[in-house]
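Below you'll find the structure, written out as structure tokens, and then a few comments.
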Amino acid sequence: MELTGKRIALGVTGGIAAYKAAELVRLLIKQGATVQVVMTDAATHFVTPVTFQALSGKPVFTDLWTPCVANNMAHIDLSREADALLIAPASADFVAKLANGLADDLLSTLTLARSCPLLVAPAMNLQMWTNPATQRNIATLLGDGVAILGPASGDQACGEIGLGRMIEAEEIVADLIAFFQPKVLAGKKLLLTAGPTFEAIDPVRGITNLSSGKMGFALARAAQEAGAQVTLVCGPVSQPTPRGITRIDVISALEMHAAVMRHAATQDVFIGVAAVADYRPSTAAEHKIKKDGQSAPAIELIQNPDILAEVAALPTPPLCVGFAAETRNLAEYAQKKRIAKKIPLIVGNLIEHGFGGDDNTLILFDENGQLPLTPAPKLELARQLMARIATLLENR
Ligand code: PMT
């Protein structure tokens with residue numbers, strides 16, 4: 001319920017993507033928001049107001065001239081009462097109206113009369129999207145501080161393939177949740193590692209661990225929500241990439257090391273969340289190792305570079321935060337790692353039920369001691385950690 005208490009005015013304009021707005025209303029309500037739908041006349045030709053009324057539990061406004069609205073000031077009241085005005089889908093025509101400040105129907109009028117932030121999810125044909133007039137209008141809206149969500153690329157209703165599709169309802173909800181997070185890392189660059197590494201023994205086998213990447217991806221999303229420019233270096237995981245994040249996929253610790261060292265010097269923050277293999281086979285066999293029926297093969301291991309320690313040892317290092325997963329003696333082992341790697345903060349988690357859960361129990365360790373956080377979903381903990389990192393950056 002990440003939008004509990006938020007009042008969203010949802011403007012729906014005419015386009016085939018209007019059907020996706022119905023799912024959007026359902027998802028917004030599921031996240032705890034109250035949704036007031038306002039439709040343009042064109043939108044009502046694609047989906048009826050009754051659909052939105054049933055999903056939002058509120059009457060849908062379509063007309064500037066509704067006599068039942070007290071004092072006939074719906075255009076002012078609807079945007080006064082909202083925490084955000086979201087227009088999804090926004091047609092090319094409506095984008096043009098917004099850019100030019102037109103107010104010739106209820107939705108454009110309440111948009112012009114709003115005092116709340118405006119988010120717009122464009123949906124149109126590829127040619128309309130790439131038309132210089134639309135691009136000019138979008139640039140104007142961006143300049144006016146409007147958040148533009150998407151569009152996405154893919155199959156279009158007209159049969160063409162390309163940019164212009166409205167982003168999916170789930171993505172719009174994620175963008176809205178992100179929009180409401182405090183921008184404590186605005187303008188900062190944050191690099192992090194996530195997931196396991198895989199150290200090859202032969203072409204089909206290797207040494208790895210069960211890190212799912214969930215904690216690291218939650219941190220990446222929380223950092224992006226907080227306004228940071230995020231680069232995520234991750235080992236083999238099957239997590240979807242949060243929108244707006246630069247993702248670099250790697251397999252081995254050596255590849256992770258190389259990717260991190262390419263970017264580390266220019267970052268404000270580095271977080272090592274990955275469960276990096278400390279050792280790798282000294283050589284990986286060129287072909288699959290066969291059983292000879294006599295003896296088990298011996299695998300010689302050599303040490304991998306310590307990525308976090310190397311970043312912390314840069315001449316002007318970013319603020320470095322480590323993670324420590326332990327099955328016992330968490331405080332002792334975590335503090336030892338923090339001191340050995342010369343980092344100000346390490347985040348400890350006791351691994352009682354293995355990796356991969358959606359929730360976590362974290363304890364922060366620094367030079368002053370320890371601070372346990374209340375067990376919570378990984379994304380919520382990640383957001384708390386971003387607030388902590390922002391404070392550390394301020395006091396650096
Ligand atoms: O991915 P999930 O399933 O959500 O699980 C998350 C997690 C449990 C993997 C994560 O929360 C976590 O604790 N990651 C650190 C795991 C660990 O104990 O790492 P370590 O003790 O090997 O390393 C300590 C720190 O040094 C870590 O920040 C690690 O990224 C870093 N390190 C370690 C070795 C190495 N060669 N290079 C490194 O940078």
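Heavy-atom basis, side chains included; hydrogens, waters and symmetry copies ignored. Index from 1, following the sequence. Each ligand, and each atom within it, is numbered from 1 in the order the structure gives.
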>> Around atom CG of Leu210, are there more than 12 heavy atoms from other residues, nucleotides or ligands closer than 6.0 Å?
In response: no
> With only distance considered, is Phe355 within less than 3.5 Å of ligand 1 through an N or O on each side?
Replying inline: no
> Is Lys290 salt-bridged to Asp292, going by a charged N under 4.0 Å from an acidic O?
Replying inline: no
>> Under 4.0 Å between a side-chain nitrogen and a carboxylate oxygen: does that hold for Lys20 and Glu23?
In response: no
> How long is the span from the CG atom in Leu319 to the CG atom in Asp268, to the nearest 0.5 Å?
Replying inline: 9.0 Å
> Can any side-chain N or O of Thr197 pair as donor or acceptor with the backbone N or O of Ala277 at less than 3.5 Å?
Replying inline: yes
> Does any N/O atom on Met215 come nearer than 3.5 Å to any N/O atom on ligand 1?
Replying inline: yes
> Can you tell me the protein heavy atom closest to atom 14 (N) of ligand 1 and the distance?
Replying inline: Val273 O, 2.8 Å
> Identify the closest protein heavy atom to atom 34 (C) of ligand 1: which residue and atom is it, and at what distance?
Replying inline: Asp278 OD1, 3.5 Å
> To the nearest 0.1 Å, how far is atom 26 (O) of ligand 1 from its closest protein heavy atom, and which atom is that?
Replying inline: Lys341 NZ, 3.0 Å
>> Between Phe270 and Ile307, is there a side-chain heavy-atom distance shorter than 4.5 Å?
In response: yes
>> Quick test of your reading of the structure: of Ala274, Ser211, Gly216, Ala324, whose heavy atom lies closest to atom 29 (C) of ligand 1?
In response: Ala274
>> Taking Glu326 first and then Lys336, would you say they form a salt bridge - that is, a charged N and a carboxylate O separated by under 4.0 Å?
In response: no
>> Strictly distance-based, threshold 3.5 Å: is any side-chain N or O of Arg165 a donor or acceptor partner for the main-chain N or O of Asp155?
In response: yes
> Hey, does Gly272 come in under 3.5 Å of ligand 1, counting only N/O atoms on both sides?
Replying inline: yes
> Should you measure from each heavy atom of Asp306, which atoms of ligand 1 turn up under 4.0 Å away?
Replying inline: 35 (C), 36 (N), 37 (N), 38 (C), 39 (O)
> Under 3.5 Å between some N or O of ligand 1 and some N or O of Ser212?
Replying inline: yes
>> Can you confirm whether more than 12 heavy atoms, excluding those of Lys342, are under 6.0 Å from its NZ atom?
In response: no
> Does the N or O separation between Gly356 and ligand 1 drop below 3.5 Å for any pair?
Replying inline: yes
> How close does the nearest protein non-hydrogen atom get to atom 21 (O) of ligand 1, and which residue and atom is it?
Replying inline: Lys337 NZ, 2.2 Å
> Which atoms of ligand 1 are found less than 4.0 Å from any heavy atom of Gly322?
Replying inline: 28 (O)
> So which protein heavy atom does atom 39 (O) of ligand 1 come closest to, and at what separation?
Replying inline: Leu308 N, 2.9 Å
> Which protein heavy atom lies closest to atom 18 (O) of ligand 1, and at what distance to 0.1 Å?
Replying inline: Ala325 N, 2.8 Å
> Does the N or O separation between Ala277 and ligand 1 drop below 3.5 Å for any pair?
Replying inline: no
> From Ile271 CD1 over to Leu219 CG, what is the distance, rounded to the nearest 0.5 angstrom?
Replying inline: 5.0 Å
> What protein heavy atom sits nearest atom 27 (C) of ligand 1, and how far off is it?
Replying inline: Phe323 O, 3.0 Å
> Below 3.5 angstrom, do we get any N/O pair linking Ala275 and ligand 1?
Replying inline: no
>> Starting from atom 13 (O) of ligand 1, what is the nearest protein heavy atom, named by residue and atom, and what distance separates them?
In response: Asn349 ND2, 2.8 Å
> Can an N or O of Ile307 be found at a distance shorter than 3.5 Å from an N or O of ligand 1?
Replying inline: yes
> Can any side-chain N or O of Asn349 pair as donor or acceptor with the backbone N or O of Ala324 at less than 3.5 Å?
Replying inline: yes
> When you measure from atom 36 (N) of ligand 1 to each heavy atom in Pro305, Ala218, Pro196, which option holds the nearest one?
Replying inline: Pro305
>> Does the residue Lys378 have a heavy-atom contact with ligand 1, meaning some pair of atoms that are separated by less than 4.0 Å?
In response: yes
>> Is any side-chain heavy atom of Asn137 closer than 4.5 Å to one of Leu98?
In response: no
>> For Tyr19, is the OH atom crowded, meaning more than 12 foreign heavy atoms sit under 6.0 Å from it?
In response: no
> Applying a strict 4.0 Å limit to heavy atoms, is Gly213 in contact with ligand 1?
Replying inline: yes
